[in-house]
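Note sheet for the following structure.
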Amino acid sequence: MPAPAGRIAELADQCVQCGLCLPVCPTYALDRNEAESPRGRIAIASALARGLVDPTSGLREHLDHCLGCLNCETVCPANVQYGELLIETRALLGPPARRPRLLLDLLKRPTLLRVVRQLGRWIALPRWKNELARRFSTHSPWRAALLNLPAAAPTVRVQARQQPSGNRPQLALFPGCVASIDDAQAQQAAITLLQAVGFHVSVLPAFCCGAMDLHAGAADAAEQAAQHVRRAWAASGATRLLSVTPGCLGTLRRALPGVSVLDPVELLAEHAATLSFRPLLQKVALHLPCTQINVARTDAALLQLLRRIPGLDVSTLPRPPYCCGAAGSHLLEFPERAAQLRDDTLRKAATLEPRRLLSSNIGCRLHLDAGIEQQGLSWPSQHPLTLLAQQLEHSH
């Protein structure tokens, strides 16, 4: 058995087939099909690795439907490394044919994407993008892309002021690709908040960490991105790496084993007592992305920070098996499935009657924004760090 296949078989053999993962799996909740559960996918991966079945499109689709939310890992009594098994199995199979390569190549190049957005403003794309999108089949990933990537995104350049940090660790912020444009305000907010508690923050160049390639089985492209991450990190001189996008954290940690790669929320919560916020009498719905709960594990820290804003009424959306369905490029490859999960998330949010929706993962927020626009809802969406920085009063 080749080494990669042997590794997959070894990971699969850790599963005791107890089924405790089924109640927390969003795709099993959607389909009620064993093949759409972690247990079923582990069995498929094991059979593929051992050569017991051929990699047909039908088997491949069950693996590709997986959102990679990792809810299953949090409840697994055998500590199965499901995320690693999924990555290895997809790498063995290679990228799926349905993957929108040209679009993803654009999304991974922030400079080019910024130019496209600027052109979009010049030609008033927002006035006709929905009409153009309606001309595409509902099955087309391009339709989802047009609805989820607004051309009029603000172009905020993230900058960090130089200031002494005393004995505190030197921090570097990883801007990412799409996040470097669509989450630039949140990245600047993170810097503002971290500097308010005395940290020095530098900013790495903007490029893709390789998450979408890694999770799609494009192993060579993912490794090239990882090498880019390692070079940029080595040149930074920092001791900790930060990302405001939880979806990047796992890939960054994989590229930089042994390096402290954090959600800034974790550091801010440790120094929360030194931050003071202006009151905001408003009810907000907090969407906690799967990666924030299961990878960053900063959901409690984020709630701690938000509850320091006087008058803010924070209600969290229900926990697993919910997932908004964005899941990296999943919203482009399976737009109908992604829309089902997103609309269910928005229905849950609507029961809270919020004035705004908070979510920390840029892919989730763009996906949710498309649903908010389609359904004519009145909530603005925002990264929680942006709200915290807006309400920041002073530091002691």
Side-chain angles (χ1 to χ4, degrees), residues 7-50 52-53 55-90 92-93 96 215-217 246-247 250 287-297 299 316-331 333-349 351 361 364 367:
R7 173 65 173 155
I8 293 166
E10 179 187 349
L11 290 168
D13 285 345
Q14 295 172 355
C15 177
V16 296
Q17 297 287 302
C18 66
L20 291 178
C21 53
L22 271 64
V24 300
C25 177
T27 56
Y28 181 74
L30 194 64
D31 298 296
R32 293 298 170 183
N33 181 344
E34 180 76 19
E36 293 289 341
S37 73
R39 183 170 68 178
R41 292 185 177 110
I42 289 170
I44 291 171
S46 177
L48 286 169
R50 290 178 164 89
L52 301 178
V53 295
T56 63
S57 59
L59 284 180
R60 171 80 197 234
E61 189 168 68
H62 293 308
L63 293 172
D64 290 341
H65 280 171
C66 181
L67 304 162
C69 69
L70 304 184
N71 289 341
C72 54
E73 284 196 2
T74 65
V75 299
C76 179
N79 296 316
V80 174
Q81 300 175 57
Y82 177 81
E84 186 67 18
L85 181 147
L86 187 66
I87 287 171
E88 293 285 351
T89 305
R90 286 174 171 173
L92 184 69
L93 297 175
H215 297 148
H287 168 257
L288 291 166
C290 304
T291 45
Q292 182 154 41
I293 297 172
N294 299 327
V295 179
R297 302 193 176 188
D299 44 315
T316 58
L317 270 65
R319 294 296 184 92
Y322 96 86
C323 173
C324 75
S329 61
H330 183 269
L331 68 94
E333 294 168 25
F334 302 101
E336 286 190 330
R337 294 178 65 83
Q340 281 183 272
L341 292 164
R342 178 197 64 204
D343 293 346
D344 186 47
T345 300
L346 291 175
R347 280 192 292 272
K348 290 180 172 67
T351 64
N361 199 67
C364 299
H367 187 44

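The first residue in the sequence is number 1, and the count goes up from there. All figures in this text were calculated on a predicted structure; none of them were measured in a lab.
- With rounding to the nearest 0.5 Å, the separation of CZ in Arg90 from CG in Leu85 is 10.5 Å.
- Of all heavy-atom pairs spanning Lys348 and Pro318, the tightest one is CD-CG, 3.6 Å.
- Ile87 has its side chain out of reach of Gln81: every pair of non-hydrogen atoms, C-beta onward, lies at least 4.5 Å apart.
- Under the rule for a side chain to side chain donor-acceptor pair (under 3.5 Å), Glu61 has no partner lying at least two apart in sequence or in another chain.
- Rounded to the nearest 0.5 Å, atoms CD (Glu84) and OG1 (Thr89) are 9.5 Å apart.
- Rounding to the nearest 0.5 Å places SG of Cys323 at 10.5 Å from CG of Leu70.
- The only member of Asn361, Leu317, Asp299 that meets side-chain contact (heavy atoms from CB on, under 4.5 Å) when paired with Leu288 is Asp299.
- Sorted by first and then second residue, the pairs that involve residues 65-79 and meet side chain to side chain donor-acceptor pair (under 3.5 Å), not counting sequence neighbours, are Glu36-His65, Asn71-Asn294.
- Salt bridge annotation for Arg337-Asp64: absent, with no cationic side-chain nitrogen under 4.0 angstrom from a carboxylate oxygen.
- Heavy-atom minimum distance, Pro246 versus Thr291: CB-OG1, 3.3 Å.
- Here ring-ring contact (aromatic ring centres under 6.0 Å, His included) pairs that include residues 16-35, with residues two or more places apart or in two chains, number zero.
- In this structure, NE2 on His62 lies 10.5 Å from OG1 on Thr27, to the nearest 0.5 angstrom.
- Leu341 is listed as a side-chain neighbour of Leu67, based on a closest heavy-atom distance under 4.5 Å.
- Shortest non-hydrogen contact noted between Cys25 and Arg41 is SG-NH1, 4.2 Å.
- Residues forming a salt bridge (charged side-chain N to carboxylate O under 4.0 Å, His left out) with Arg347 (at least two apart in sequence, or on another chain): Asp344.
- By the ring-ring contact (aromatic ring centres under 6.0 Å, His included) test, His215 pairs with no residue at all, sequence neighbours left out.
- Across all non-hydrogen atoms, the minimal contact from Ala216 to Arg60 is O-NH2, 4.0 Å.
- In plain terms, the two heavy atoms of Val16 and Ala78 that are nearest each other are CG1-CB, 4.3 Å.
- Separation of atoms CD1 (Ile44) and CG (Leu63) is listed at 5.5 Å; rounding is to 0.5 Å.
- Distance check: Ser46 OG to Leu11 CG gives 10.5 Å after rounding to the nearest 0.5 Å.
- Under the side chain to side chain donor-acceptor pair (under 3.5 Å) criterion, Gln14 pairs with no residue at all, not counting sequence neighbours.
- Using a 4.5 Å heavy-atom cutoff, the side chains of Tyr82 and Cys21 are not in contact.
- The two residues His367 and Ala326 come nearest to each other via the heavy atoms CD2-N, 3.5 Å.
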